[in-house]
Amino acid sequence: MGLNILRKESLDRYLGADKKFVKTMTAKDLMAIGIGAVIGTGIFILPGTIAAQSAGPGVTLSFFLSAVVCALAAMCYAEFSSALPVAGSAYSYGNIVFGEFFGWLLGWALVLEYMLAVATVSTGWAAYFNSLIGSFGLHLPKALSGPFDPAHGTYVNIVAVVIVLLIALMLAHGMQSSMRINDFAVVLKLAIILIFIGVGLFFIKPSNYHPFMPYHLKGVIHGATLGFFAYLGFDVVSSSAAEVKNPKKNMPIGIIGTLVIATVLYMGVAAVLTGMVKYTKLNVANPVAYALELVHHGWLADLLSIGALVGMFTMMISMIYSSSRLVYAIGRDGLLPSKLAQFDEKHHSPQIALWVVSIIVAVMGGLVPLDELTSLVNIGTLFAFTLVSFGIIPLRHRKDIGNRGGFKVPLYPVLPILSGLACLGMMTQLSKTTYIGAGIWFTIGIIIYFAYGYRHSKLNKSRD
């Protein structure tokens, strides 16, 4: 019998395999995971950079336009997670509506997105942490402060390794305790952002808003393409579906709620920042801290450093959690070793998947220079967004999948098609180097699929 790479998974088998997860998460927990992933250090940097380079004070509109495009994809994710409340996010959706090979490609893209994002953020967290302890006169030995580069005297970024392993240890103790810590950290981070907005309002000079669109509408739209990437973390919410109470109701609230809150915060920071400081002066490494120093509020700039640390911490929690559920789902289907789907009954979580993901991320963050690889995060996400958007059409045609009472994308099929086209448009903004890197990653993935995944797939055992 020939290869059948487009054989499709059944929702019933997934629901049966995932029933061992305990459903403890609420819409509030989902929004905490989503905001944890979306609001990181970028909120203190991107509004200033985009204002200076592309949009001027119109950066506020740029973030709004980015959010509109993201909202299309968010609605598609909300429908999928409502109709298919299973672990694995876009990977599992792809397996059910497009077939195994496309599901594998989606999973492989997301493995790179999640792990590379966490590894990169862990090095940023280490840099902030080292800077913070440096202000108290404490310094790590140089050998322990950077990736493996003996020529420059660094061997391991020990702080990046330790923070990833500490988060893994926290997640290994179960989602309920992890969610309490994550919820507290998210509230703290939001409080710091709101303090900046509240204080900054008193230092706004209306003259700084003129001209509002110095680079015209073209600059605002270009700013929107840059701002779009600030929102990409919201898809991690959908990986939680198997652990959510009443997913038909709570998943859409979690996904769309994340995007709404993130949009309000990004627009708020952008509006206050460009009102405090002329946009031409904002092309600096940390524009929000710079603005606060200009108005003699250095104490708040120090508080923002803590906000940045907390922001990166919650982002790593969200992404490590999502990665472990994704790797669990791929192991559940046999496309990676089924040991990865082994479930720990005491902590109600896939411990092997969690620790494999965390150790790989810790090694990447501790030993590998990642600067050139970070743009690959965007292509993995946009690839997933594109297929999830267009996937709404075959999903609606599946008579065996009911979504009665669940969320459905309005104006079907216009909005799903618009969403897919918008994501394809965003992909054209990525560099040639990004596509070369992605080509290498996908080639490795295709080799693994045909050498291992296809033969070990659970679909081989049930039907071929």
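If you read the sequence from its start, that first residue is 1, and numbering goes on from there.
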*asked:* For K249, is the NZ atom crowded, meaning more than 12 foreign heavy atoms sit under 6.0 Å from it?
replied: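 Incorrect, the count does not exceed 12.
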Are [X] and [Y] close enough for a salt bridge, meaning some N to O gap below 4.0 Å?
X    : Y    : value
D333 : R13  : yes
E9   : K458 : no
R398 : D400 : yes

*Show your working on side-chain hydrogen bond (donor to acceptor under 3.5 Å, both in side chains) between K245 and T24 and close with a plain yes or no.*
CA-CA 6 Å; K245 299 174 184 174; T24 58; over 6 Å; no
Looking at [Y], is its backbone amide N or carbonyl O close enough to the side chain of [X] to form a donor-acceptor pair, meaning the two atoms are under 3.5 Å apart?
X    : Y    : result
N250 : T26  : no
S323 : V357 : no
W125 : L309 : yes
S358 : L354 : yes
S131 : A127 : no
N130 : A126 : yes
S431 : T434 : yes
S457 : Y454 : no

Close side-chain approach of [X] to [Y], heavy-atom, < 4.5 Å:
X    : Y    : result
N95  : Y14  : yes
Y91  : V111 : no
K408 : N403 : yes
N378 : F383 : no
P410 : L415 : yes
Y128 : L132 : no

*Please identify each residue that fulfils salt bridge (charged side-chain N to carboxylate O under 4.0 Å, His left out) with K28, with sequence neighbours left out.*
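Checked K28 against salt bridge (charged side-chain N to carboxylate O under 4.0 Å, His left out); matches are D183.
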*asked:* Tell me every residue that passes salt bridge (charged side-chain N to carboxylate O under 4.0 Å, His left out) with D12, counting only those two or more places apart in sequence or in another chain.
replied: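 D12 satisfies salt bridge (charged side-chain N to carboxylate O under 4.0 Å, His left out) with no other residue.
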Quick check: closest heavy atoms across [X] and [Y], and the distance to 0.1 Å?
X    : Y    : result
N157 : G365 : CB-O, 3.8 Å
L304 : A289 : CD1-N, 4.2 Å
C423 : T386 : CB-OG1, 3.3 Å
P287 : I45  : CG-O, 3.4 Å

*Show your working on side-chain hydrogen bond (donor to acceptor under 3.5 Å, both in side chains) between R332 and S92 and close with a plain yes or no.*
CA-CA 10 Å; R332 169 197 65 194; S92 295; 2.9 Å; yes
Residues in ring-ring contact (aromatic ring centres under 6.0 Å, His included) contact with [X], at least two apart in sequence or another chain:
X    : answer
F343 : F21
F184 : none
Y93  : F80

_If you apply the rule side-chain hydrogen bond (donor to acceptor under 3.5 Å, both in side chains), what do you find for S419 with S389, and how did you get there?_
CA-CA 6 Å; S419 177; S389 299; 2.7 Å; yes
*Are Y266 and Y231 close enough that their ring centers fall under 6.0 Å?*
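Between Y266 and Y231, the centre distance is under 6.0 Å.
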_Verdict with reasoning, Q351 to Y328, per side-chain hydrogen bond (donor to acceptor under 3.5 Å, both in side chains)_ = CA-CA 9 Å; Q351 297 278 307; Y328 151 83; over 6 Å; no
I'd like a table of donor-acceptor pairs (distance under 3.5 Å, sequence neighbours excluded) in which one partner is a side-chain atom from residues 62-79, with atom names and distances.
{"residue": "S62", "atom": "OG", "partner": "V220", "partner atom": "O", "Å": "2.8"}
{"residue": "S66", "atom": "OG", "partner": "S62", "partner atom": "O", "Å": "2.9"}
{"residue": "S66", "atom": "OG", "partner": "A224", "partner atom": "O", "Å": "2.7"}
{"residue": "S66", "atom": "OG", "partner": "F228", "partner atom": "N", "Å": "3.2"}
{"residue": "E79", "atom": "OE1", "partner": "R396", "partner atom": "NH2", "Å": "3.0"}
{"residue": "E79", "atom": "OE1", "partner": "V409", "partner atom": "N", "Å": "2.7"}
{"residue": "E79", "atom": "OE2", "partner": "R396", "partner atom": "NE", "Å": "2.7"}

Among all residues two or more places apart in sequence or in another chain, which pass the side-chain contact (heavy atoms from CB on, under 4.5 Å) test with [X]?
X    : answer
V269 : I43, P47, I193, F196, I197, V288
Q429 : T225
V368 : L370
S318 : I33, A37, V236

In a table with atom names and distances, give each donor-acceptor pair under 3.5 Å that connects a side chain of residues 112-119 to protein atoms at least two apart or in another chain.
{"residue": "E113", "atom": "OE1", "partner": "T381", "partner atom": "OG1", "Å": "3.2"}
{"residue": "E113", "atom": "OE2", "partner": "T381", "partner atom": "OG1", "Å": "3.2"}

List the atom pairs, donor and acceptor, that lie under 3.5 Å between side-chain atoms in residues 439-450 and the rest of the protein, sequence neighbours left out.
{"residue": "W441", "atom": "NE1", "partner": "W108", "partner atom": "O", "Å": "2.8"}
{"residue": "T443", "atom": "OG1", "partner": "G439", "partner atom": "O", "Å": "2.6"}
{"residue": "Y449", "atom": "OH", "partner": "E100", "partner atom": "OE1", "Å": "2.7"}

